[in-house]
2 protein chains.
Amino acid sequence: MISPETAELRILDAAETLFYGRGIQAVGMDEIRSASGVSLKRLYQLFPSKGELIQAYLRRRDVRWRQKLAAYADSQATPEESILAVFDWLHEWFGEPDFRGCAFSNSFGELGATSSAVAETARAHKEAFFRYLAELTAAAGKPASLGDHLALLAEGAITTAAITGSAEPAHQAKAAARVLLEAAPPSPSRAQPSRSRA
Amino acid sequence: MISPETAELRILDAAETLFYGRGIQAVGMDEIRSASGVSLKRLYQLFPSKGELIQAYLRRRDVRWRQKLAAYADSQATPEESILAVFDWLHEWFGEPDFRGCAFSNSFGELGATSSAVAETARAHKEAFFRYLAELTAAAGKPASLGDHLALLAEGAITTAAITGSAEPAHQAKAAARVLLEAAPPSPSRAQPSRSRA
DNA sequence: GGAAGGAGAGAACGAGCATTCTCTCCATCG
DNA sequence: CGATGGAGAGAATGCTCGTTCTCTCCTTCC
C-alpha cells in the first residue's frame with residue numbers, strides 16, 4: 001500500500017492536471033481515481049467530497065504559482081527589473097503546452113456563482129497577486145496606483161493569452177508596464193529603499 | 001400560441017440571464033423552459049440542442065455588448081475621449097447588480113477545453129474588441145501597440161472587477177490608459193484624421 | 001360539426017456522475 | 001494456522017440532466 005502522503009500527492013497531481021486542463025465540472029471523481037491510481041475509497045478518505053478536493057487543488061496551486069513567480073522576479077537586481085521580470089515569467093508560462101489561462105479566473109467563471117468557497121479562493125488569490133505587485137512597486141519607490149495598473153496589465157495578458165492561444169500578450173503587457181514605470185513619479189509617502197541600481 | 005420570434009426572444013433572454021448569472025453547466029434546459037415559459041418541445045424546435053442555444057446566446061451577447069460599448073464611446077468628441085470613455089462604460093457595466101465578468105472569458109474557462117465552438121466564439125469576441133480599440137487608437141493617430149495595451153488594461157479590469165466584486169478597476173484602468181495615451185507618440189505610419197479637437 | 005394537425009405539459013428514457021457498499025484478498029498478530 | 005481488519009476493485013444507488021415521447025386539448029379548415 002502506498003503511504004497516505006504519496007496517495008494525497010498523486011491525487012492532487014491528477015486533480016490539478018485534469019481540473020485545470022479540462023475544467024472542473026468536466027472531470028469526474030472516477031477519472032481522478034484512474035489518473036492517480038488511488039482507489040475511490042482512499043480518495044474519499046483523504047478528501048471527503050469533490051468540493052474539498054477542489055479547494056485543496058486551488059489552495060495548492062495558489063501557493064505554488066505565487067512561489068514560482070516570486071522566485072523568478074525576486075532574483076532580479078533591482079525592484080524595477082523585478083517588476084518587468086513578472087512579465088517575462090508570464091511569457092514563459094503562456095508558452096507552456098498545457099497553459100489554459102488562470103486556474104482561479106477559470107474556476108471563478110465556472111463555479112463562482114454557485115460556490116462561495118471557490119469565489120473566495122479566487123478572490124484571495126488575486127488579492128495576494130495584487131499585494132505582491134504592490135510590494136514590488138513600493139520597493140521601487142513608486143506610488144501604489146502603479147501596482148494596481150501593473151496588476152491589471154498582467155491580468156489582461158493572462159486572459160488574452162489563454163483565449164487567443166498566443167504568448168504575445170506578455171510582451172505587449174511588458175512594453176506597457178515599462179511606459180507606466182518610467183512615467184510614474186517617485187512615491188511621495190515612502191522613501192525609496194537603498195537597493196543599488198545599475 | 002406566441003409567435004416563433006417571440007418564443008425565440010424569450011428563450012434567449014432567459015438563457016442569457018441564467019447562463020451568464022450562474023454558469024452554463026449549472027443551468028438545465030428545464031430551467032430555461034420555466035424561465036422563458038416556452039415548452040420544451042418548442043425550445044428544441046428552435047434550438048435543436050443545448051450547444052446550439054449556447055452558441056446563440058454567445059453570438060447575441062457579443063453583438064449587443066459591442067454595440068452598447070461603441071454607442072457610448074463613439075458619441076465622444078475626439079478619439080482620445082472615446083478611448084477614455086471605454087473605461088467609463090466599463091465602470092457603468094461593473095456597477096450593474098448582475099455583473100459577473102466577461103461572458104466569453106467565463107464560458108471559455110468553463111467549456112473552452114471541451115467545446116471548440118465556445119473557444120472560437122470567445123476568441124472572435126476578444127478579437128473584435130481588440131480591433132475596435134485598434135480603430136480608436138488609429139483614429140487618435142497613435143501607434144497600433146497602444147491599442148493592444150489599452151485592450152489588456154480593459155481585459156484585466158473586467159476580470160478583476162468580477163472576482164473582487166468592485167467597480168474600482170475601471171477607474172484604475174482609465175488612469176493607466178491616460179498615462180499610456182499621453183506617453184504614446186503620434187503614429188508614424190498613418191496621418192492623424194482631421195477630426196476637430198477642443 | 002368533425003377531422004387533422006399542431007401545441008403544451010410533463011412523463012419517460014438513457015447517460016453521467018458523486019458517493020456508498022460489497023466482496024474478495026492479503027497481511028498481521030495471536 | 002486461523003482470525004481480524006484494512007485495502008482495492010468495482011458494482012450499486014440515487015440523483016441530475018439532455019433529449020424524446022405520449023397524451024390530451026385546442027384551433028382551423030372543410
Side-chain angles (χ1 to χ4, degrees), chain A residues 1-58 106-107 109-118, chain B residues 1-58 106-107 110-118 121:
Chain A
M1 182 195 85
I2 60 179
S3 76
E5 293 76 20
T6 307
E8 189 169 326
L9 275 182
R10 286 201 197 165
I11 292 166
L12 286 173
D13 287 346
E16 179 157 6
T17 304
L18 291 168
F19 284 160
Y20 178 69
R22 305 229 311 270
I24 291 174
Q25 309 209 63
V27 174
M29 294 296 271
D30 222 62
E31 206 162 352
I32 288 171
R33 180 195 59 161
S34 356
S36 66
V38 174
S39 76
L40 221 41
K41 189 198 277 185
R42 208 99 116 74
L43 208 171
Y44 273 91
Q45 279 169 357
L46 291 163
F47 303 96
S49 73
K50 189 180 184 181
E52 307 222 20
L53 179 56
I54 294 168
Q55 284 303 115
Y57 146 62
L58 290 174
N106 288 350
S107 44
E110 189 173 353
L111 298 171
T114 47
S115 159
S116 57
V118 167
Chain B
M1 184 195 84
I2 59 179
S3 78
E5 293 76 19
T6 307
E8 189 169 326
L9 276 182
R10 286 201 197 164
I11 293 166
L12 285 173
D13 288 346
E16 180 157 7
T17 303
L18 291 167
F19 284 160
Y20 178 69
R22 304 230 310 271
I24 292 174
Q25 310 209 63
V27 173
M29 295 297 270
D30 222 62
E31 206 164 352
I32 288 171
R33 180 194 60 159
S34 355
S36 66
V38 174
S39 76
L40 221 42
K41 189 197 277 187
R42 206 98 117 74
L43 206 172
Y44 273 91
Q45 280 169 358
L46 292 163
F47 303 96
S49 72
K50 188 179 183 181
E52 308 222 20
L53 179 57
I54 294 168
Q55 284 304 114
Y57 147 63
L58 290 175
N106 287 351
S107 44
E110 189 174 354
L111 298 171
T114 48
S115 160
S116 57
V118 167
T121 304

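Proteins get letters first, then strands, A, B, ... in listed order; numbering begins at 1 in each. Worth knowing before you read on, the calculation uses all heavy atoms, side chains too, and leaves out hydrogens, waters and symmetry mates. Treat the numbers as computed from the prediction; the structure is a model and nothing was measured.
No donor-acceptor pair closer than 3.5 Å links the side chain of E110(B) to the backbone N or O of G23(B).
Of all the heavy atoms in G109(A) and N106(B), the pair that sits closest is CA-OD1, 3.5 Å. Counting all heavy atoms, side chain and backbone alike, A56(A) lies closest to L12(A) at CB-CD2, 3.8 Å.
Every residue meeting the salt bridge (Lys or Arg N to Asp or Glu O under 4.0 Å) condition with R33(B), not counting sequence neighbours, appears here in chain and number order: D30(B). Residues passing the side chain to side chain donor-acceptor pair (under 3.5 Å) test with T121(B), sequence neighbours excluded: Q55(B). With sequence neighbours left out, the side chain to side chain donor-acceptor pair (under 3.5 Å) criterion links S34(B) to no other residue.
Atom CD in E52(B) sits about 15 Å away from atom P in dG18(D), given to the nearest Å. The CZ atom of R42(B) sits 13 Å away from the P atom of dG6(C) (whole-angstrom rounding). Distance, Q45(B) CD to dT20(D) P: 12 Å, rounded to whole Å.
Screening residues 19-28 of chain B for side chain to side chain donor-acceptor pair (under 3.5 Å), with sequence neighbours left out, gives R22(B)-E31(B).
Distance CZ/F19(A) to CG/L58(A): 9.0 Å, rounded to 0.5 Å.
Near DNA chain D, meaning a heavy atom under 4.0 Å away, there are no residues from residues 7-15 of chain B.
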Reading 5' to 3' through nucleotides 18-28 of chain C, protein heavy-atom contacts under 4.0 Å coded B for base, S for sugar-phosphate only, - for none | SBB--------

